[in-house]
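Have a look at the structure below, then the notes.
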Amino acid sequence: GARFSKISGAASIGDCNACRPGYLGTDWRHCRACPVDKYCPGGDLAMSCPAGSVTIGGKKHSIRHCVCGRGYERKAASVAAWDCDLCHKGHYCPKAGGDAQVCPGNADSPRGSTSSVDCTCDPGQYDVGSSCRPCAAGYYCEGDGTRQYCGPLASSEESSDRKSVV
C-alpha cells in the first residue's frame with residue numbers, strides 16, 4: 001500500500017496512515033482493493049453508487065466511476081454518467097455503462113428491460129424471429145408472439161378451432 005492522508009492540513013507522517021483512494025482500510029500496510037459496485041475515496045470509506053448505477057471492476061475511487069447498470073440508462077437531461085433511470089419502455093439496456101437499444105419495429109418492452117428477449121410483438125403482430133409482422137386476414141395475434149387461426153368462415157371473435165402456426 002501507499003500512505004495517504006484523508007485530512008487536509010496533515011502535520012506529520014502519522015497523519016498519513018490511511019489507505020489511498022481506490023483502496024479500503026485505516027492502516028496503509030493492510031489495504032484491500034475497493035469492492036466492485038463501490039467507490040473508495042480513501043481511508044475506511046466505501047461509498048455506494050447512486051440508485052441504478054454501479055462501478056465496473058474494483059479499485060474505483062470517485063463517483064465519476066459510477067455508470068448506469070443493466071436495465072438502466074442515463075437520464076435524458078443529465079450529463080452525469082451515474083444519473084440513471086429505468087430503461088425506457090420499448091428499449092432494453094443490456095450492458096452496464098452501455099447505450100439503450102431500441103426494440104425492433106412493432107415490438108415493445110417494459111421499463112427496466114435488459115435483453116432483446118424482453119421485446120414482444122404488439123397485439124395484431126406476430127414474431128418472425130428478429131421482427132414482428134402484421135397478422136394476416138383469417139388469423140388473430142394477441143401480442144404474445146404467436147398467430148392463431150380463426151377457422152373456416154369464422155371471425156376472430158367467434159373461433160373455437162384455434163391453432164398456432166408459429
Side-chain angles (χ1 to χ4, degrees), residues 19 21-24 31-42 44-166:
C19 295
Y23 291 85
L24 192 58
C31 299
R32 58 192 184 282
C34 191
V36 173
D37 289 339
K38 304 273 187 194
Y39 64 95
C40 301
D44 59 351
L45 194 57
M47 307 288 294
S48 295
C49 290
S53 66
V54 298
T55 60
I56 300 173
K59 301 182 185 175
K60 304 303 181 201
H61 62 84
S62 167
I63 194 170
R64 292 187 322 269
H65 292 119
C66 297
V67 296
C68 296
R70 288 187 64 204
Y72 288 85
E73 61 185 328
R74 186 183 305 179
K75 289 182 180 176
S78 181
V79 295
W82 62 85
D83 193 11
C84 308
D85 201 0
L86 280 173
C87 197
H88 286 94
K89 184 174 171 36
H91 295 78
Y92 60 99
C93 301
K95 183 178 171 189
D99 293 326
Q101 306 295 313
V102 178
C103 288
N106 301 317
D108 204 3
S109 67
R111 285 177 50 88
S113 293
T114 58
S115 169
S116 61
V117 174
D118 297 329
C119 300
T120 56
C121 296
D122 293 332
Q125 307 279 322
Y126 70 100
D127 190 350
V128 291
S130 62
S131 65
C132 301
R133 287 207 179 130
C135 210
Y139 296 88
Y140 67 96
C141 304
E142 294 179 336
D144 62 358
T146 64
R147 67 179 178 169
Q148 307 291 324
Y149 182 58
C150 293
L153 304 176
S155 73
S156 58
E157 300 286 321
E158 303 165 354
S159 178
S160 60
D161 178 28
R162 299 176 179 168
K163 72 176 192 177
S164 177
V165 294
V166 173

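Note that the structure is predicted; figures quoted are calculated from it, not measured.
Across every non-hydrogen atom of Ala96 and Val54, the tightest pair is CB-CG2, 4.0 Å. Considering every non-hydrogen atom in both Asp99 and Pro94, the closest pair reads O-CD, 4.3 Å. Closest approach of Thr55 to Asp37, counting heavy atoms only: OG1-N, 2.8 Å. For the residue pair Pro50 and Ser53, the shortest heavy atom distance occurs at O-OG, 2.7 Å. Nearest heavy atoms, Tyr140 versus Tyr149: CE2-O, 4.2 Å. Heavy atoms only, all atoms of each residue included: Met47 and Pro41 are closest at CG-CD, 4.1 Å.
As summarised for Cys135 and Cys141, their two SG atoms come within a distance smaller than 2.5 angstrom, satisfying the threshold. Between Cys34 and Cys40, a gap of under 2.5 Å is found separating the two SG atoms.
Using a cutoff of 4.0 Å between basic side-chain nitrogens and carboxylate oxygens, Arg111 and Asp85 are scored as salt-bridged.
For the atom pair Leu24 CG and Asp44 CG, the distance stands at 7.0 Å (nearest 0.5 Å). Of the inter-residue distances, the one linking Cys93 atom SG with Arg74 atom CZ reads 12.5 Å to the nearest 0.5 angstrom. The SG atom of Cys132 sits 13.0 Å away from the CZ atom of Arg147 when rounded to the nearest 0.5 Å.
The side-chain hydrogen bond (donor to acceptor under 3.5 Å, both in side chains) analysis of residues 100-109, with sequence neighbours excluded, yields the pairs Lys89-Asp108, Asn106-Gln125. For residues 49-71, the pairs satisfying ring-ring contact (aromatic ring centres under 6.0 Å, His included) are His61-His65, with sequence neighbours left out.
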Checking side-chain contact (heavy atoms from CB on, under 4.5 Å) for the pair Asp127/Thr146: CA distance, chi angles, key distance, verdict? CA-CA 6 Å; Asp127 190 350; Thr146 64; over 6 Å; no

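Side-chain contact between Trp82 and Ile63: present, with at least one pair of heavy atoms (C-beta onward) separated by less than 4.5 Å. Looking at heavy atoms from C-beta onward, Arg64 lies out of side-chain contact with Tyr39 at the 4.5 angstrom threshold. Taking 4.5 Å as the limit, some side-chain heavy atom of Tyr23 sits within range of a side-chain heavy atom of Lys59. A 4.5 Å side-chain heavy-atom check between Cys87 and Tyr72 finds every atom pair outside the cut-off. In this structure, the side chains of Cys103 and His91 stay at 4.5 Å or more apart for every pair of heavy atoms. Counting only heavy atoms from C-beta outward, the side chains of Cys119 and Pro104 approach each other to under 4.5 Å. Side-chain atoms of Arg133 and Tyr126, non-hydrogen and from C-beta on, do get closer than 4.5 Å to each other. Counting only heavy atoms from C-beta outward, the side chains of His88 and Glu73 approach each other to under 4.5 Å.
In this structure a side-chain-to-backbone donor-acceptor pair under 3.5 Å is missing from Ser113 to Ser115.
A 6.0 Å sphere centred on NZ of Lys95 holds no more than 12 heavy atoms belonging to other residues, nucleotides or ligands.
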